[in-house]
Amino acid sequence: MNTNRLNFRNVVLLTLLCGILFAIPVKAEDAPIPAYITDGSLFELEGDTPHPLINDTTLKFLPLEAQVATTNGNGWRHEYKIDQPHRLPMGATYELYKATYTVTMSDGAKSIISQYHGDSPTLMKLYYADSTEQFVDESNNPVGDSVGKNGIFDLYVRLRTKGLPNYGEDVFHFGTLEAGDTFDLIVENDYGTVTVTAMGKSITREVEETPTDYLKFGNYLQSQVTTDENHPYGGIKCSEMNPPLDFPECYAFLGITESEVLLTNVSYERIVDENYQLPPPDANSELLNGDFENSLNEWTQEEPVSASGDTHSGLGSAKISGPPGRFYQRVEVMANTEYEFAGYVKGEGAVGIKGTEHIDDASRVVDLMETFDVSDWTQVTITFTTGTDPLPVYVYGLHGSSGDVRFDDFSLEAESPPVTGNNFCPSGNAVPATVFDLANWRIKVPDAAGTTYSPSELATLNNDFFCLTDDGAMVFYAPVDGGTDGSTYPRSELREMVDPSSSSVGWVVTGTHTMSAQTTVTLEPSNGKNVIAQVDSLTDDILAKIQWDNDRIRVQLRQINPDGTPGSYEDYWFDSQNTSFPVGTTFDWDMTVENGVLSVTVDGETVTRDFTLLETSPSDYVDDEFYFSAGSQPQDNVLDTVGEVLFHTFAVTHVSPPVSNSICPTTNGAPATVFDLANWRIKVPDVAGTTYSPSTLLRK
């Protein structure tokens, strides 16, 4: 352990008293799975069908059934991972993960069963693989099986190690197993020094770190390599083929029909060093040797790569003469800045920019790759905008499927200054309530106190979080470090008040209730998620949310548990026509509840859900009352980012159902003219469930 820190035993005792320790370690045979792994408080799940928790002591991961694929992934996943708000640099945490593994896979399968990920390439990957990969020990003697499709699996780890050129990987082989064999795994992160122990062997390395490192474990089934000599793309990842094999076709081609990772005796401990500061990233501040005049210096290479005299200009270029050749360079970039990459290419291959936040839902700069097949020198350009942190990107070149490919005169230039804060809400801008009908609304804003303004206060409100643009759009500005007044996330958000004087009055499911708007997302939080509208209940869970999510839009619809109670959300993505909604795109949407049936429409695409089916719930949605909300509610707490949304139009309508009472036509007289009702009031079942005072009752 790091000798510059407190003794771990003493830290545990202190943190038990101070509340820093997240979990109490459990060590017992068939110990219960800790709740903080499965309840969503620390870990999130990739793939819940089937759910991996099969009983209180066992997790089972089945990617062939869960079928979860992510951006830039090489196969199907079924994994737990530390959730976005809890991700920290490796140097800021002590972590200890333990589990007993029983892995059963088809011959030829390969899976990552535990890993540490971050904003750069994976920091640690533990493989269980029946592959042809060669392994050697510290004396460079061959170890392991290294024979594909023979049912003997190699267990080995790759660690991205400090001290190696460009943070290269150390590979360590633990041993071989057969399908169904059991072994214990221990992964310890001692503030940036990682120790992996399995099958009686251990390896310890100080690893690279980034601002948002996180542990994952489960079963990430790779579409890794095809070993059939007759296959035209033998030895290449299925996802990198041209054209690529999709995962079902790839697994079928490889004969992979089974992939199960069974975990028992699972425990996880975590201690956070609240005072830790991440060192500056070890990267160039500009692209070096982009013209390749100094051979391949400054570039990390994977053979076969070499220097060439066939150039676009000058004396040198880079040449890749076959797969899996590639070269890349890590460059530090500014935050919130537009960049242009340019380079000259010749042959068949690809160039690209792989962003430091290119994995999972935190994507800001994705893997932006341009393929080419040209017989003479041709320029390729890629433009991209960085995220909110000055983190590195990787500039790279790849081989195609045949022949030599050459690269020359690479450049990476900032095209625009960093984006700054809220430009829409100067103090002199007009009050939104003078343009939009907000008489039945209140608003919560993310100032230091998370203040809520009543309908009467909203009538004159104009501040840094809620204002009008010069052309009359309503602005909702929500910095993710803003005040919340007890909420999980900050928000600049309108909440419907059917009765402006009371938040305990809503509308009922009968009749027709519609909220519609034309909206533009203008600034995004670091994880790219912002709720812009929802249908909420006075007494039960939220029925539905419209969420802008990394240039896509989804509606989250409440599901029904087998016992009839409200369950988790079901996602519906509005992309059936390959639609995307990047920052700056204006789109129309509406949410309508008509006699208990919800319809959500985004740019002409509609999804519906009948909530009357929830009437078997103990809380009974049918008898509940509801209200709309709209604005900017970023699902993020990472500092120095903002969720900003413009509403160009905004309207809400409520239409009561037709009254079928034949006894009470509106021309009949008021009951109070016949009965003594001077000391009575009445509540009626109209849309708002209105209550009439004694004085009003005399006229009804």
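- Residues S259 and N219 form a side-chain contact, since some pair of their non-hydrogen atoms from C-beta on lies under 4.5 Å apart.
- Salt-bridge formation is not detected for the pair E457/R442: no Lys NZ or Arg NE/NH1/NH2 atom is positioned less than 4.0 Å from an Asp or Glu carboxylate oxygen.
- Salt bridge present: E44 and R87 bring a charged side-chain N and a carboxylate O closer than 4.0 Å.
- Listed by chain and residue number, T58, K60, L262 satisfy the side chain to side chain contact (heavy atoms under 4.5 Å, CB included) test with I54 (two or more places apart in sequence, or in another chain).
- The aromatic rings of W507 and H654 sit tilted relative to each other, their planes meeting at an angle between 30° and 60°.
- Residues passing the salt bridge (charged side-chain N to carboxylate O under 4.0 Å, His left out) test with E493, sequence neighbours excluded: R491.
- For D536, the side chain to side chain contact (heavy atoms under 4.5 Å, CB included) test picks out Q534, I542, Y627, with sequence neighbours left out.
- Legend: residues meeting ring pair (Phe, Tyr, Trp, His ring centres under 6.0 Å) with F650, ordered by chain and number and at least two apart, are W441, F647.
- Closest of all the heavy-atom pairs between S632 and E644 is OG-N, 3.9 Å.
- For the salt bridge (charged side-chain N to carboxylate O under 4.0 Å, His left out) test, no residue two or more places apart in sequence or in another chain qualifies with R495.
- Scored by the side chain to side chain contact (heavy atoms under 4.5 Å, CB included) test, P432 finds L438, F466, L468, M474 as partners (sequence neighbours excluded).
- In summary, of the residues considered (D603, T601, T519), a side-chain hydrogen bond (donor to acceptor under 3.5 Å, both in side chains) with W589 occurs for T519 alone.
- Pairing each heavy atom of T641 with each of E524, the nearest pair is CB-O, 4.3 Å.
- Across every non-hydrogen atom of F465 and S492, the tightest pair is O-OG, 2.8 Å.
- A449 is linked by a side chain to side chain contact (heavy atoms under 4.5 Å, CB included) to D447, T451, counting only residues two or more places apart in sequence or in another chain.
- Ionic pairing of E79 and K81 is not present here: no N-O contact between side-chain nitrogen and carboxylate oxygen is shorter than 4.0 angstrom.
- Annotation: ring pair (Phe, Tyr, Trp, His ring centres under 6.0 Å) contacts of F43 (sequence neighbours excluded): F217, Y268.
- Residues satisfying the side chain to side chain donor-acceptor pair (under 3.5 Å) test with Q67, not counting sequence neighbours, are none.
- Partners of D485 according to the side chain to side chain donor-acceptor pair (under 3.5 Å) rule, which considers only residues two or more places apart in sequence or in another chain, do not exist here.
- For the side chain to side chain donor-acceptor pair (under 3.5 Å) test, no residue two or more places apart in sequence or in another chain qualifies with D83.
- Considering only residues two or more places apart in sequence or on other chains, T585 meets the side chain to side chain donor-acceptor pair (under 3.5 Å) condition with none of them.
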